[in-house]
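Notes follow the structure.
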Amino acid sequence: MTAPVFVVDSLADAAAGATVELDGPEGRHAVSVRRLQPGEDVVLTDGRGRGAAGAVVRTEGKDRLFVEASALLSEPEPAPRITVVQALPKGDRGELAVETMTETGVDAIVPWSAARCITQWKGERGLKALTKWRATAREAGKQSRRLRFPEVADAATTKQVAALLAKADLAAVLHEDRDYPSEPLASAELPATGEIVLVVGPEGGVTEQELQLFAEAGAKACRLGRSVLRTSTAGTAATALLLGRTGRWS
């Protein structure tokens, strides 16, 4: 079993042999929930690509733990970077999408208020939902032993998504309509570096107006396979396909 991962604010000044303190909610989870004891292995990360592997040397109270760093770790910037624009699903399917995409290896997630989304993020409700998505990405990053957690951006409008697509090295909209011209994502030409941006529409699909705007921004319509996936699973499947094709899973 691999060592559990805990998040610290910064590891910029960490060095091999140094003692790093873990406190706050993460320290409480390590001490009071996981009940870690001196000698047990852990990994600390800032979630931005830095990590420190070591062993617990002591605990204090219910929420403080000290780790002697035996090795410094790093997770390089991914190439190509994969961003998924995720239309807002109903209920807790949004957190499910974020969780599985994070565990798979996505690099950034952009919540999208598509025209056919039943769920709309407004006011306090929207802020609460965004906080849940970010917390889910953080916990899934820890669970999957990542040192670089995906960024979860603020909710984007369709025009903002189009602007993001225009800057991408590969922009693709996952679209299952067989009457609409599309190509298999499995055979699309991929960049070796830069950024891939995928758009996952809502359960009701991407509208003609949205498709036109995205096409004008340079996005291709792509399909995954013969079956139609739900909005909460399509991003994960597409990310896995691309990670395999780009060699990032090699």
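This one's a predicted model, so the numbers in the text were calculated from it and none came from an experiment.
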[X] side chain to [Y] backbone, donor-acceptor under 3.5 Å:
{"X": "Q212", "Y": "Q209", "answer": "no"}
{"X": "Q120", "Y": "C117", "answer": "yes"}
{"X": "T233", "Y": "R230", "answer": "yes"}
{"X": "R116", "Y": "A114", "answer": "no"}
{"X": "T231", "Y": "G201", "answer": "yes"}
{"X": "T59", "Y": "L65", "answer": "no"}
{"X": "S70", "Y": "A53", "answer": "yes"}
{"X": "D41", "Y": "A3", "answer": "no"}
{"X": "T83", "Y": "I109", "answer": "no"}
{"X": "R223", "Y": "S182", "answer": "yes"}

For atom CZ of R245, decide whether the heavy atoms of other residues, nucleotides or ligands shown that lie under 6.0 angstrom number more than 12.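 Atom CZ in R245 is packed in, count exceeds 12.
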For L127, look at atom CG and say whether over 12 heavy atoms of other residues, nucleotides or ligands are found less than 6.0 Å away.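 Enclosed.
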Let me check something: do [X] and [Y] share a hydrophobic cluster, defined by ILVMFWY side-chain heavy atoms less than 4.5 Å apart, either directly or through other members?
{"X": "V206", "Y": "V85", "result": "yes"}
{"X": "V67", "Y": "V8", "result": "yes"}
{"X": "L22", "Y": "V31", "result": "yes"}

As an exercise, state the distance from [atom1] of [X] to [atom2] of [Y], rounded to the nearest 0.5 Å.
{"X": "K220", "Y": "L174", "atom1": "NZ", "atom2": "CG", "answer": "13.5 Å"}
{"X": "R125", "Y": "L130", "atom1": "CZ", "atom2": "CG", "answer": "13.5 Å"}
{"X": "T45", "Y": "L147", "atom1": "OG1", "atom2": "CG", "answer": "4.5 Å"}
{"X": "E95", "Y": "R134", "atom1": "CD", "atom2": "CZ", "answer": "13.5 Å"}
{"X": "R50", "Y": "S74", "atom1": "CZ", "atom2": "OG", "answer": "9.0 Å"}
{"X": "L242", "Y": "T104", "atom1": "CG", "atom2": "OG1", "answer": "11.5 Å"}

Might you point out which heavy atoms bring [X] and [Y] nearest each other, and give the distance in Å?
{"X": "I82", "Y": "L243", "result": "CD1-CD2, 3.9 Å"}
{"X": "P4", "Y": "R34", "result": "CB-NH1, 3.5 Å"}
{"X": "L11", "Y": "G51", "result": "CD1-CA, 3.7 Å"}
{"X": "V56", "Y": "V42", "result": "CG2-CG1, 4.1 Å"}
{"X": "V152", "Y": "A137", "result": "CG2-CB, 3.8 Å"}
{"X": "P111", "Y": "D154", "result": "CD-O, 3.8 Å"}

Could R58 and F66 be counted as a cation-pi pair, given that NZ or CZ must be under 6.0 Å from the ring centre and within 45° of the axis?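 Cation-pi check for R58 and F66: passes.
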Going through the checks in order, is the side-chain contact (heavy atoms from CB on, under 4.5 Å) test met by V161 and L165? CA-CA 6 Å; V161 171; L165 293 170; 4.1 Å; yes
What I want to find out is whether [X] reaches [Y] closely enough, with some N-O distance under 4.0 Å, to be called a salt bridge.
{"X": "R148", "Y": "E77", "answer": "yes"}
{"X": "E203", "Y": "K90", "answer": "no"}
{"X": "R248", "Y": "D107", "answer": "yes"}
{"X": "R64", "Y": "E21", "answer": "yes"}

If you apply the rule side-chain contact (heavy atoms from CB on, under 4.5 Å), what do you find for E210 with W112, and how did you get there? CA-CA 12 Å; E210 290 166 338; W112 172 37; 3.6 Å; yes
Apply salt bridge (Lys or Arg N to Asp or Glu O under 4.0 Å) to residues K142 and E103 and explain how you reach the verdict. CA-CA 9 Å; K142 290 164 55 180; E103 292 172 355; over 6 Å; no
Quick one: do T102 and R146 satisfy side-chain contact (heavy atoms from CB on, under 4.5 Å)? Show the steps, please. CA-CA 9 Å; T102 298; R146 292 181 62 169; 4.0 Å; yes
